[in-house]
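Input: a single structure, listed below in structure tokens.
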Amino acid sequence: MSTPTRTPSGAPAQMTGAGGRVGDDAQRPDGVLKVRGEFAYSSDLWMEDMLWGVTLRSPHPHARIRSIDVGPALAVPGVYAVLTSDDVPGEKVYGLELADQPVLALDVVRYQGEPVALVAADHPDTARRAAARIVVDYDVWEPVTDARVALGHPTWNQLHDAPAEVTELSRESANLHPHGNLVRHLKVRKGDPEPTADVVVVGEYEVGMQDQAFLGPESGLAVPGEDGGVDLYVATQWLHVDQRQICAALAMPPDKVRLTLAGVGGAFGGREDLSMHVHACLLALHTGKPVKMSYNREESFFGHVHRHPATMRYEHGATRDGDLVYVKATIYFDGGAYASSTPAVVGNGGTMGIGPYVVPNVHVDCYGAYTNNPPCGAMRGFGSVQTAFAYESQMDALAAELGTDPVELRCRNAMEQGSETPTGQVVDSPAPVVELLRRLEAMPLPPDVPTGDDVDLRDMPGGVSNTTHGEGVRRGVGYAVAYKNVAFSEGFDDHSTARVRLEVVGGEAVATVHTAAAEVGQGLVTVEQQIARTELGVDQVTVHPKDTSVGSAGSTSASRQTYVTGGAVKAACEAVRARVLEMARSVVGRPVVDLRLDGGKVVSDLEGVALPLADVLGDEVVEETLEWRHRPTEAVDPETGQGFAHVQYAFSAHRAVVDVDTELGLVKVVEMACTQDVGKAINPQAVVGQIQGGTAQGLGLAVMEEILVRDGRVQNPSFTDYLIPTVLDMPPMRVEILEYADPHAPYGLRGVGEAPNISSGPAVLAAIRQATGLPLTRVPVRPEHLTGT
Amino acid sequence: MRLSCTVNGTPQQVDDVWEGESLLYVLRERMGLPGSKNACEQGECGSCTVYLDGLPVCACLVAAGQAQGREVGTVEGLTPAGAAPGELHPVQQAFLEAGAVQCGFCTPGLLVATDDLVHRSLAEGRKPADAEIREALAGNLCRCTGYEKILDAVRLAADRMAADPTAEAAR
Amino acid sequence: MDFLQPATWEEALEAKAAHRDAVPIAGGTDVMVGINFGRLRPSLLLDLTRVPELQQWADDDGAVRLGAGVPYARVISELGDRLPGLAMAARTIGSPQIRNRGTVGGNLATASPAGDAHPALLAADAEVEVASTRGTRRIPVTEFYRGVKRSALADDELIAAVRIVPPRGPQQYSKIGTRNAMVIAVAAFGLALHPDRRAVGTGIGSAAPTPRRAPAAEEYLAGELDGLWDSRAELPAATATRFGELVAEASAPIDDVRGTARYRVHALSVMARRALTWAWADYRKGDPTCA
């Protein structure tokens with residue numbers, strides 16, 4: 001088998017490192033490669049004689065394909081293959097949870113950008129020109145572009161309860177899938193179905209479609225194997241779920257479809273679904289040559305799923321004193337053309353949709369629908385990011401109605417350890433919601449709005465664009481708190497596999513950790529090393545390349561890898577350690593009760609023993625492979641939503657301080673402050689990095705980020721018009737980390753990646769609301785919303 | 001067409017360059033220098049920032065032929081020639097220590113932009129102020145870090161380079 | 001695709017005369033985006049970065065003659081005092097990397113209604129110097145823009161320079177974007193007060209099919225300032241408000257992904273009012289440059 005000239009990330013020799021243990025600010029083992037420009041991202045892979053693959057995509061959001069003529073493309077010199085769905089040897093549809101998405105379009109295309117055909121050529125521009133010559137005859141249909149219309153709920157917001165049965169739509173083509181347009185309906189029913197309260201606030205909210213906007217485009221290299229199989233080097237979040245879907249499409253067994261993780265340029269959920277994976281393999285197998293595919297930024301906007309846009313109606317009832325009596329919510333997630341992870345998004349939105357509060361009576365209907373909009377799926381904090389905007393807006397509205405302080409109202413109703421969630425689950429580890437909020441309140445506020453002749457434009461809303469020197473600028477402060485399930489929920493068999501080896505290399509004991517857990521930038525490789533150093537008492541730890549030659553690690557998503565793969569690595573290390581200690585006991589020749597591994601030695605304090613590990617191991621290689629599971633969760637009751645759905649919750653809170661140019665509707669976020677309980681910070685510097693980065697993405701959704709879709713067509717597939725925060729948009733941040741151990745989790749840790757992404761946006765929205773006095777029910781907030789234009 | 005230019009101090013010559021190729025494509029696909037990243041190809045992200053005759057530019061917006069005879073500097077050239085293995089440029093070292101690298105895709109462009117900023121500031125006998133750092137790096141998008149640790153890294157690099165003026169960058 | 005790299009202005013003009021469909025390229029900030037995304041496939045790229053004359057600026061007959069190939073970064077660092085409005089506009093453009101490459105000549109050649117330099121050029125009564133093998137002509141910038149991304153440039157002509165008389169009065173430039181850096185203008189406004197001529201210059205960007213002036217606003221303000229130029233008295237708030245309204249009335253924006261027409265009209269009225277307030281405050285202080 002030939003391998004790419006530029007090796008994928010994680011080549012063992014380069015990922016070895018000495019350094020920190022659990023709790024230290026250990027440096028990432030891939031860091032030196034990354035700062036030297038030598039880290040091989042998926043788009044950097046290159047082989048002599050490789051071809052470039054490109055994708056022809058549907059220009060229409062909804063159409064029937066009458067015919068495809070690939071002849072003109074094949075005639076272009078330099079073209080090696082042109083493939084359509086006819087060339088898919090195995091299953092022609094795939095999907096994460098439901099197999100409903102064509103590898104290449106079958107008879108109907110359901111979204112703009114759906115892959116229709118593939119071309120491989122010797123230069124990317126040749127491939128692009130050839131793809132443009134493929135003739136596809138479309139019978140264009142009207143797209144279904146509203147989730148409520150797709151479900152037959154046009155009067156959804158006039159009802160308290162679940163709308164009537166899903167009705168047939170008038171047009172035959174409006175039923176997008178054989179099983180209808182409903183992907184999932186989750187019901188949560190708790191307490192009194194007809195509650196009443198002294199004070200009631202009702203609000204409708206909308207969240208726009210956010211993009212992960214990872215910087216490294218979808219890309220990879222497929223290399224045909226001598227055994228008739230294929231090796232795929234790709235940037236992804238979950239090698240084994242990719243492998244399962246690729247095998248089905250190629251009609252090949254897993255040993256013929258081998259995946260290795262290439263360097264990943266960010267993910268944030270957008271790489272949980274397949275993109276170019278099957279396509280590159282098809283082209284490689286068809287041509288017998290290595291094929292590289294790398295999307296450009298425009299194609300990337302069509303090449304991965306986005307965050308579900310949501311429309312939500314909430315009704316909160318409370319006593320005059322401010323005790324929540326009930327919450328009713330109707331939530332619609334627009335899943336777009338294919339299911340992707342919509343069922344799980346609905347699960348999160350429904351089960352955690354009222355926020356980290358104790359409410360005796362809850363009535364939630366949460367829907368995920370098919371439409372002809374771009375497919376939506378995983379993005380950091382999914383299901384919870386959307387609902388947090390609604391429930392935190394409601395808490396502020398209720399506080400205003402009651403004439404009470406918004407933080408006081410939150411603290412009064414806050415969840416704590418022992419509280420029962422709307423799904424009847426008792427929170428069985430610390431839930432310091434009140435402390436998170438109180439600590440935020442106690443932090444000093446930044447200086448007032450700058451004024452005077454010598455204002456620095458860079459401190460003003462609008463920045464150097466010179467739109468205000470202080471005119472119209474008003475300060476606002478807002479708070480929000482949120483929670484999110486960690487790891488996979490609702491009865492999913494969530495596990496990870498770790499292989500740990502201990503051996504002597506060059507006279508020194510070295511550990512090797514092999515998992516298939518995708519490193520996407522978050523620093524899992526660092527954590528794997530820290531755990532091995534801690535558990536095995538060695539300095540040198542090698543992280544083996546991530547591939548499918550070891551069992552599944554599950555997905556790098558749901559804030560779960562440090563918990564689940566960390567747990568697996570810890571368990572495998574413990575098994576290795578047990579064997580090594582047993583070997584040490586035979587060396588000592590008598591039972592010793594307090595043997596442990598430390599500093600490259602087997603140590604007993606009682607006996608005063610300190611045997612070098614190298615002596616104990618000799619030529620022996622001690623290796624253990626373990627599958628590790630967190631305690632099981634269970635599916636929720638289909639009629640009531642009750643059940644032990646989630647294994648762990650993560651809690652975070654934000655305070656945002658903003659300056660708003662109220663006349664021009666421009667926003668400058670002045671400061672963000674965050675408190676988060678992380679259980680145990682395995683790598684404090686990386687934890688803070690997750691909090692800061694998550695905060696930025698939440699801020700982006702609050703004030704600028706939206707994929708604009710009109711009639712099923714994306715209007716802004718570029719970094720020119722899909723704006724993400726620059727360094728001039730991100731303010732200084734204060735971060736306080738709490739470490740209340742979760743007794744059920746390895747080291748007591750909590751997943752950290754998503755929570756800060758959930759609470760930051762609602763805090764920014766609350767701050768803008770305070771600055772402007774406007775109700776603001778839609779994010780991202782646009783200047784038009786702030787100026788009534 | 002044939003393209004000759006100097007990259008990181010070394011003369012380079014490549015043939016069969018299509019006239020529509022960008023300098024970024026030539027560096028990455030023809031010269032074996034994939035350190036400069038392709039994330040947007042329209043000058044909006046800064047991931048492909050390189051020095052062109054000493055000025056930071058987006059390599060994706062330079063037509064290959066425009067680099068004919070010019071001096072190009074990329075992230076691969078930041079570490080001075082002849083440096084010991086593992087030795088890093090102070091800006092690289094600061095990014096590592098400050099935790100400013102997560103996925104790292106923005107890092108090469110940021111390193112070049114930071115190197116330029118710190119050198120310009122130190123040449124004027126001062127270290128860059130925060131507002132200046134932000135304005136100078138506003139063309140380099142990062143999706144992972146929220147920029148806080150990048151600011152930490154720039155301050156750290158500026159402190160060290162001010163203290164040790166011999167720390168030189170390849171331009 | 002061919003690639004020509006003239007070393008002199010004469011060669012460049014001859015090349016353009018011989019290949020009228022040649023696409024000139026300087027900073028590449030528009031052209032390369034088109035090529036990278038397959039939207040532009042010129043038969044010939046005409047690289048103007050080797051033409052020395054284009055890279056220079058000089059004082060010429062009372063005006064600054066700014067070579068079409070001078071990048072924005074140099075406009076900011078070298079011409080901030082002489083061409084303050086244009087320098088302010090340049091500072092809002094893209095990123096430092098873009099400003100190291102992008103040029104006023106390129107902005108004019110693309111003639112996008114959203115081009116950041118245009119409002120400043122309009123307000124300052126700039127002239128565009130264009131040339132071909134047939135000769136050289138100067139086009140008042142007001143007559144240069146002919147439609148969305150269309151200009152008065154003939155197909156054998158290249159832009160040589162812009163000519164701007166350094167102002168005797170204050171200038172301002174404001175631009176709306178939905179991010180605090182690196183944005184295409186949702187709307188932009190340039191203002192120049194010309195106390196020597198007792199005149200007012202304006203420029204509107206991203207709010208009509210072409211960049212344009214607001215003549216009624218200029219006339220109104222010139223009238224209102226008639227008695228104030230010498231006294232340097234305070235400007236009535238109502239005057240600034242009215243001026244803003246008249247500027248907004250001169251626009252003809254559309255709804256697009258970057259903003260609504262209504263917002264653009266509103267934003268122009270606010271930007272124009274504020275810009276006038278700042279410019280007049282500068283004038284009263286006797287400071288010919290500005291913030």
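Excluded from the calculations below are hydrogen atoms, water molecules and symmetry mates; all remaining heavy atoms, backbone and side chain alike, are included. Each chain gets a letter, A, B and so on, in the order the sequences are listed, and its residues count up from 1.
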Just grab all the ring-ring contact (aromatic ring centres under 6.0 Å, His included) pairs involving residues 122-143 of chain B, residues at least two apart or on different chains.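 For residues 122-143 of chain B, and leaving out neighbouring residues, there are no ring-ring contact (aromatic ring centres under 6.0 Å, His included) pairs at all.
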
Non-hydrogen atoms of chain C under 4.5 Å away: do they reach the side chain of B:L24, the backbone, both or neither?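 Neither part.
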
Sort B:C40 into side chain, backbone, both or neither according to what part of it lies under 4.5 angstrom from a heavy atom of chain C.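 For B:C40, the backbone is the part near chain C, not the side chain.
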
If you compare all heavy atoms of B:A63 against all heavy atoms of C:F3, which two are closest, and at what distance to 0.1 Å?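 In this case the closest contact between B:A63 and C:F3 is CB-CE1, 4.1 Å.
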
Which heavy-atom pair separates C:P96 from B:A136 by the least distance, and what is that distance?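 The answer is CG-O, 3.3 Å.
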
State which residues pass salt bridge (charged side-chain N to carboxylate O under 4.0 Å, His left out) with C:D255; sequence neighbours excluded, sorted by chain then number. none

C:I35, part contacting chain B, at a heavy-atom distance under 4.5 Å: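 Only the side chain of C:I35 comes within 4.5 Å of chain B.
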
Give the intermediate values and the outcome of side chain to side chain contact (heavy atoms under 4.5 Å, CB included) for residues C:I98 and B:V57. CA-CA 7 Å; C:I98 298 297; B:V57 304; over 6 Å; no

For chain C, the option from B:A138, B:G43, B:G65 that forms the most heavy-atom pairs under 4.5 Å: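 If we count pairs closer than 4.5 Å to chain C, B:G65 comes out on top.
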
Inter-chain polar pairs, chain C versus chain B: which donor-acceptor atoms lie under 3.5 Å apart?
residue: C:Q5; atom: NE2; partner: B:G65; partner atom: O; Å: 3.0
residue: C:A26; atom: O; partner: B:Q66; partner atom: NE2; Å: 2.8
residue: C:N36; atom: ND2; partner: B:E41; partner atom: O; Å: 3.0
residue: C:N36; atom: ND2; partner: B:C60; partner atom: O; Å: 3.0
residue: C:D47; atom: OD1; partner: B:Q66; partner atom: NE2; Å: 2.9
residue: C:R50; atom: NH1; partner: B:Q68; partner atom: O; Å: 3.1
residue: C:R50; atom: NH2; partner: B:Q66; partner atom: O; Å: 2.8
residue: C:R50; atom: NH2; partner: B:Q68; partner atom: O; Å: 2.8
residue: C:R91; atom: NE; partner: B:E135; partner atom: OE2; Å: 2.9
residue: C:R91; atom: NH2; partner: B:E135; partner atom: OE1; Å: 3.0
residue: C:Q97; atom: NE2; partner: B:T49; partner atom: OG1; Å: 2.9
residue: C:Q97; atom: NE2; partner: B:N140; partner atom: OD1; Å: 2.9
residue: C:N100; atom: ND2; partner: B:P56; partner atom: O; Å: 2.8
residue: C:R101; atom: NH2; partner: B:Q66; partner atom: OE1; Å: 3.1

Tell me every residue that passes side-chain contact (heavy atoms from CB on, under 4.5 Å) with C:A18, counting only those two or more places apart in sequence or in another chain.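 Once residues adjacent in sequence are excluded, C:A18 has no partner under the side-chain contact (heavy atoms from CB on, under 4.5 Å) criterion.
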
